[in-house]
Amino acid sequence: MRRIVCFGDSNTYGFSPFDCSRYSEEIRWTGVLDKLLGDKFEVVNEGKNARTIAFDDPYNEGCNGMADIDACMEANTPFDLMIIMLGTNDLKAYFEATPQMIAQNLLKMCEVIRSKTDAKLLLASPMLLGDQIEFSPLHLEFGRQQVEYSFELAPHIQRVAEQIGADFIDIAVVAMSSDVDCLHLVPEEHNKLAHAMRDKVLSIFQEELEQEAREEEELRRKEEEELRRREEEEFRRKEEELRRREEEELKNERERIAGEEAAGQQEHVAELQGEAASLLEETAAHYEDEASHLLKETLSRFQELEWQEEEDEQEIRLHAEAILRAAEQSAEELRSDRSYAGEVLAAGLDSDEKAKMLSERLYLASDANLQAERVAARNQTQLYNETSAGEEAKREQLLAGLFQSVGAGAYVEPPFRCDYGSNISVGENFYANFDCVMLDVARIKIGNNVFLGPRVNIYTACHPIYAPVRNAGLEYAKEVWIGDDVWIGGNVTINPGVHIGNNVVIGAGSVVTGDIPDGVVAAGNPCRIIRRISESDKVYWEEKKAEWERND
C-alpha cells in the first residue's frame with residue numbers, strides 16, 4: 001500500500017466557511033481521494049488552519065510550515081508521495097510577501113524534503129482568492145493586492161516544481177473558493193478537487209501501477225494454471241482408479257460367462273458350420289447365373305456400337321461442345337462476380353473513412369466521398385453567404401439544409417465557413433456574428449441561447465504530431481460541446497475536444513484549450529477561470545433591466 005501525505009493549510013484540514021467547524025472525512029478532499037484511490041493507497045491528512053510556508057503568524061502561533069515539516073515526515077515515514085498545497089496564508093497583507101518570495105520559500109521547503117526522503121513530490125498551486133474578499137470578514141488580512149497576487153502564484157510554483165523535479169497541479173482550474181468568505185472550499189469543490197487529485201496521483205504512479213497490474217495478472221494466471229493442473233491430476237487419478245475397478249469387474253464377469261458357456265460351445269459351432277456351408281452353395285449358384293446374364297448383355301451392346309459408331313461420335317462431340325459452352329458461361333459469370341465484389345469492397349473502404357472520422361480515429365482526408373461532401377458544403381455556404389439581408393426565409397432554408405439540426409430562432413451572419421455542416425447542431429435562439437468558422441470534422445454540439453461574437457473559430461480537426469504520419473494525409477478529430485446560456489466574445493478560438501458548460505462567459509480573444517465548468521467567467525491565452533458568476537451579478541443586472549423597462 002502506498003502512503004500519500006497531504007501537507008497543507010485550512011483547505012486541506014477541511015475548514016468549513018459556514019460555521020468554522022471541520023468537515024467530516026467523507027467531505028474533505030483528502031477523505032474522498034482516499035476512497036477514490038482504493039485499497040492500493042492510504043491518504044494521510046496533515047492540514048492545519050492558518051499554516052504558512054515559512055512565516056510566523058503573530059495572530060496564529062505554531063503555523064509555520066517550515067517549523068513542523070520535519071516532524072510531519074518523521075511521523076509518516078515511510079511515505080511514497082507528499083502533496084504540498086500551501087501559499088494562500090503567505091499572501092496575508094501583513095507579511096508583505098510577493099508571489100516570487102512565496103515561491104522562493106516553497107523551494108527551500110522542497111529542498112529540505114528532498115534531503116531527507118526519496119518520496120515523490122506534488123506541488124499544488126492553491127485556489128484563487130475571491131474578488132469580493134476585501135468585503136468579507138477576512139478583509140483585514142486580504143485586500144485587492146492579495147487577490148491579484150493569487151492570480152500570479154501558479155506560474156511561480158510551477159517553476160519551483162520544474163526546478164526541484166516535482167509534479168505540479170493548478171488547483172485554480174479545478175476548484176473555486178466559496179462565496180461565503182472567498183477563501184475556503186464548499187463540499188462540492190472538495191469533491192472536484194479530490195477527483196482532479198485522483199487523476200494526477202494515478203498519472204504519477206502510472207508506470208508502477210501498470211507493472212504491478214502485470215505482475216498481479218501473471219501471478220493470477222500462474223495460480224489458475226496450478227489449480228487447473230491439480231484438478232486435472234486429481235481427475236486422472238480418479239479416472240484411473242475407476243478404470244481399474246471396471247476392468248477387474250469385467251474380467252470376473254468374462255470368466256463367469258466363459259465357465260457357463262464352455263459346455264455347449266462345441267455343439268453350437270457345429271451347427272453354424274453346417275448353416276454356413278448351405279448358404280455358400282446357394283450364393284455361388286445365384287452369382288453364376290447373374291454373371292452369365294451380364295456377359296451376354298455386354299456382348300449384345302458391343303455389337304450394336306459397331307453399327308452406330310459414327311452416330312455415337314457425333315453425339316459425343318455435341319455433348320462436348322455443350323459442356324465447353326457451359327464452362328465459358330460459368331467463367332464469364334465468375335469474372336463478373338469478381339468485378340462486382342471489387343466494386344463493393346472499394347465502396348466499403350470509402351465509406352469506412354467517414355466512420356473513422358466521426359469515431360475520432362485516424363482517417364484519410366483525401367477520401368473521394370469526404371471530398372465530395374466538403375465540395376457540397378462549400379457550395380451550400382457560398383449560396384448562403386451570397387444572400388442579401390432581406391432574404392431571411394432563404395437563409396433559414398439553406399441553414400437547415402446545411403446543419404444536422406437547427407433550433408428555432410437560430411441565426412448566422414454571413415460570411416460563414418464550415419467543412420461539412422452535417423456535423424453541426426445548434427439549439428434555440430443561437431446567434432453567430434460575422435466571419436464565424438466551424439471546422440466540423442467531428443461533431444460540434446451547441447445548446448440553447450448561445451451567442452458568438454465576430455470571428456469566433458471552433459476547431460475539431462487534429463493532425464498527428466509525428467511528421468511522416470501527418471505527411472501521409474492522415475488526420476483525426478475531437479468533438480466540441482457548448483452548453484446552454486453561453487456568451488463567447490469576438491476572436492475566440494475553441495480547440496478540439498473542448499467542453500464548455502452552462503451559463504459561461506468567454507472573454508474576447510481567448511484561446512480555449514481545456515474544459516470550462518458551469519457558471520464562470522473565463523478569459524486569456526490559454527483561457528483560465530477568472531471568477532464565478534455569483535448572486536451579486538444577478539442582482540446587479542436585474543436592476544439594470546428594471547431601469548431599462550422603466551425607461552430611466
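- Side-chain polar atoms of Q211 and E215 form a donor-acceptor pair below 3.5 angstrom.
- If you take CE on M197 and CD1 on I171, they are separated by 4.0 Å, rounding to the nearest 0.5 Å.
- Proximity of Y23 to L185: side-chain heavy atoms (C-beta onward) are nowhere separated by under 4.5 Å.
- The closest side-chain heavy-atom distance from N89 to C63 is not below 4.5 Å.
- Annotation: the span from L370 atom CG to D419 atom CG amounts to 10.0 Å, rounded to 0.5 Å.
- Under the 6.0 Å distance and 45° angle rule, R51 counts as a cation-pi partner of F7.
- Interatomic distance, E25 CD to N45 CG, rounded to the nearest 0.5 Å: 8.5 Å.
- When side chains are defined from C-beta on, P496 does not count as touching L439, because their heavy atoms never get closer than 4.5 Å.
- Remark: E234 does not engage R230 in a salt bridge, criterion side-chain N to carboxylate O under 4.0 Å.
- Classification of E217 and R220 as a salt-bridged pair holds, one side-chain N sitting under 4.0 Å from a carboxylate O.
- Put simply, CD1 on I500 and CD1 on I446 are 9.0 Å apart, with the number rounded to the nearest 0.5 Å.
- Between the side chains of S534 and R532, no donor-acceptor pair is found at a separation under 3.5 Å.
- Using a 4.0 Å cut-off between charged nitrogen and carboxylate oxygen, E148 and R144 do not count as a salt-bridge pair.
- Salt bridge status for K478 with E360: absent, with no side-chain N to carboxylate O gap under 4.0 Å.
- Summarising the geometry, atom CG belonging to N64 is positioned 11.0 Å from atom CD1 belonging to I69; distances are rounded to the nearest 0.5 Å.
- For H156 and R159, the side-chain atoms include at least one donor-acceptor pair closer than 3.5 Å.
- To the nearest 0.5 Å, the span separating OH on Y13 from CZ on R28 amounts to 8.0 Å.
- For R228 and E231, the salt-bridge test fails: no basic side-chain N is under 4.0 Å from an acidic carboxylate O.
- A side chain to side chain donor-acceptor pair (under 3.5 Å) with R229 is found for exactly one of E232, E233, E225, namely E233.
- Salt bridge status for K116 with D70: present, with a side-chain N to carboxylate O gap under 4.0 Å.
- For the residue pair N449 / N429, a side-chain donor-acceptor distance below 3.5 Å is found, with atom types taken as modelled.
- In summary, of the residues considered (Y59, F142, Y149, F55), a ring-ring contact (aromatic ring centres under 6.0 Å, His included) with F95 occurs for F55 alone.
- You'll find the side chain of K92 reaches within 4.5 Å of the side chain of N60, heavy atoms only.
- Note on K356 versus E353: salt bridge recorded, some NZ/NE/NH1/NH2 to OD/OE distance being below 4.0 Å.
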